[in-house]
Structure formats: C-alpha cells, structure tokens
Amino acid sequence: MTGRNGVKIAIATNDGETVSRHFGRARSYLVATVHNGKVVAQELRPKAGHDDFGGRGNGTHEVGRPRGYGHGATDKHRAMTDPIRDCNVLIAGGMGQGAWEAVHAIGIEPVMTDERDVSRAIERFIRGDLPSRDDRLH
C-alpha cells in the first residue's frame, strides 16, 4: 500500500496485545486509525472465527483443495471480514488461501507477519518495514 497516512489498520488478535498466529482463529480485531504517521485512535472489535462456525477447525477444508474454499466458505469469510470493511490493511500471523483472497477481494491489503506485538506491528507498518511473510499463507 502506498502511503501510511489516513489508514485504518486491523490486527487479528485474541487479547488486543498479541498478533494472532492465525486469522481464522482470532476472536477480535484491534483497529488503529493512523493520521500523519501517528495512531490517533484504537478500538477493539469482535470477530467471528472458526469457533463460531462449529468447532476449532474451519469446517471448510476439502481434500485436494487449499484451506478456505469448502462449503459455506464465502459466507464465513464475509462474517469474519464485515467488522473491518472500513479498514485498509489486515495484519495477522497467517491465514488460509481462501481467507487471503476474500480479504484482498474487498480491497483490504492482507499482511502476514511474524511480529507478535500489536503495537510494534502497527509502528513497523507505519514506518514501512513490516514485510508480509507469504510463507505464512496456507
């Protein structure tokens, strides 16, 4: 994404402090609003996740297909992304291919990272030195 001002950054998290290792299992988003390179507001928003769809697994994996493409996947991804449709960026520790495509399709830049601290992830993104780890796509 070009420019880091006037941006809303959503971070998949369970506690508001740690970046969730997996987008689908996170229970919430910390949403940071950035203007002129500074965080001017933060809020915690609820997020639907795998547990809301009948258990720990996402229930959408079919043999021979990447994760996140099975029965009901589109509706599940919509439920997970509805709370952040006003955001420009989503930071998570990793995500399935179907979720990545769903996030990207609604105009949100998905960034997968090994940075665990939410505040540092935001700061690094603003500075432009938070690389997206494509190896965390599954």
Side-chain angles (χ1 to χ4, degrees):
M1 158 166 253
T2 59
R4 303 292 189 224
N5 293 318
V7 175
K8 280 195 176 180
I9 304 168
I11 298 104
T13 184
N14 289 319
D15 59 9
E17 298 176 9
T18 308
V19 177
S20 177
R21 291 186 184 266
H22 191 279
F23 166 73
R25 292 192 179 110
R27 293 186 297 269
S28 58
Y29 295 107
L30 181 106
V31 176
T33 303
V34 177
H35 286 288
N36 297 323
K38 305 277 186 210
V39 175
V40 296
Q42 288 187 8
E43 64 180 301
L44 201 59
R45 297 181 185 177
K47 177 193 165 292
H50 291 327
D51 291 341
D52 298 305
F53 305 124
R56 283 188 54 90
N58 65 10
T60 62
H61 183 69
E62 295 176 358
V63 175
R65 299 190 78 190
R67 292 188 186 279
Y69 288 100
H71 178 73
T74 300
D75 291 337
K76 292 172 186 178
H77 292 144
R78 185 178 308 112
M80 285 190 256
T81 58
D82 273 348
I84 60 166
R85 288 192 178 256
D86 63 329
C87 294
N88 310 93
V89 178
L90 168 65
I91 297 172
M95 65 177 54
Q97 181 72 37
W100 186 94
E101 288 179 10
V103 168
H104 194 265
I106 61 171
I108 297 174
E109 176 187 358
V111 176
M112 293 167 291
T113 183
D114 56 3
E115 178 62 65
R116 300 285 292 146
D117 183 85
V118 165
S119 295
R120 282 196 302 263
I122 294 168
E123 290 169 12
R124 290 183 66 192
F125 182 82
I126 292 168
R127 284 194 314 259
D129 71 353
L130 184 69
S132 187
R133 298 275 316 269
D134 293 339
D135 60 317
R136 294 184 170 268
L137 188 63
H138 57 268

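Every heavy atom of this structure was used, including side-chain atoms; hydrogens, water molecules and symmetry mates were not.
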Given side chains that start at C-beta, do those of Lys47 and Ser20 come closer than 4.5 Å, heavy atoms only?
-> no

Does any non-hydrogen side-chain atom of Ile91 lie less than 4.5 Å from one of Glu115?
-> no

Nearest-0.5 Å distance, [atom1] of residue [X] to [atom2] of residue [Y]:
X: His77; Y: Met95; atom1: NE2; atom2: CE; result: 9.0 Å
X: Arg124; Y: Asp117; atom1: CZ; atom2: CG; result: 10.5 Å
X: His22; Y: Arg136; atom1: NE2; atom2: CZ; result: 11.5 Å
X: Asn88; Y: Ile9; atom1: CG; atom2: CD1; result: 8.5 Å
X: Leu30; Y: Thr13; atom1: CG; atom2: OG1; result: 7.0 Å
X: Leu90; Y: Ile84; atom1: CG; atom2: CD1; result: 4.5 Å

Asp135: partners by salt bridge (Lys or Arg N to Asp or Glu O under 4.0 Å), with sequence neighbours left out =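 Once residues adjacent in sequence are excluded, the partners of Asp135 under the salt bridge (Lys or Arg N to Asp or Glu O under 4.0 Å) criterion are Arg133.
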
What are the two closest non-hydrogen atoms of [X] and [Y], and how far apart are they?
X: Ala10; Y: Tyr29; answer: CB-CD2, 4.1 Å
X: Val89; Y: Phe125; answer: CG2-CZ, 3.4 Å
X: Ala121; Y: Val19; answer: CB-CG2, 4.1 Å
X: Ser132; Y: Pro110; answer: OG-O, 3.9 Å
X: Gly16; Y: Leu44; answer: CA-CD1, 4.1 Å

Is atom CZ of Arg21 surrounded by more than 12 heavy atoms (other residues, nucleotides or ligands) closer than 6.0 Å?
-> no

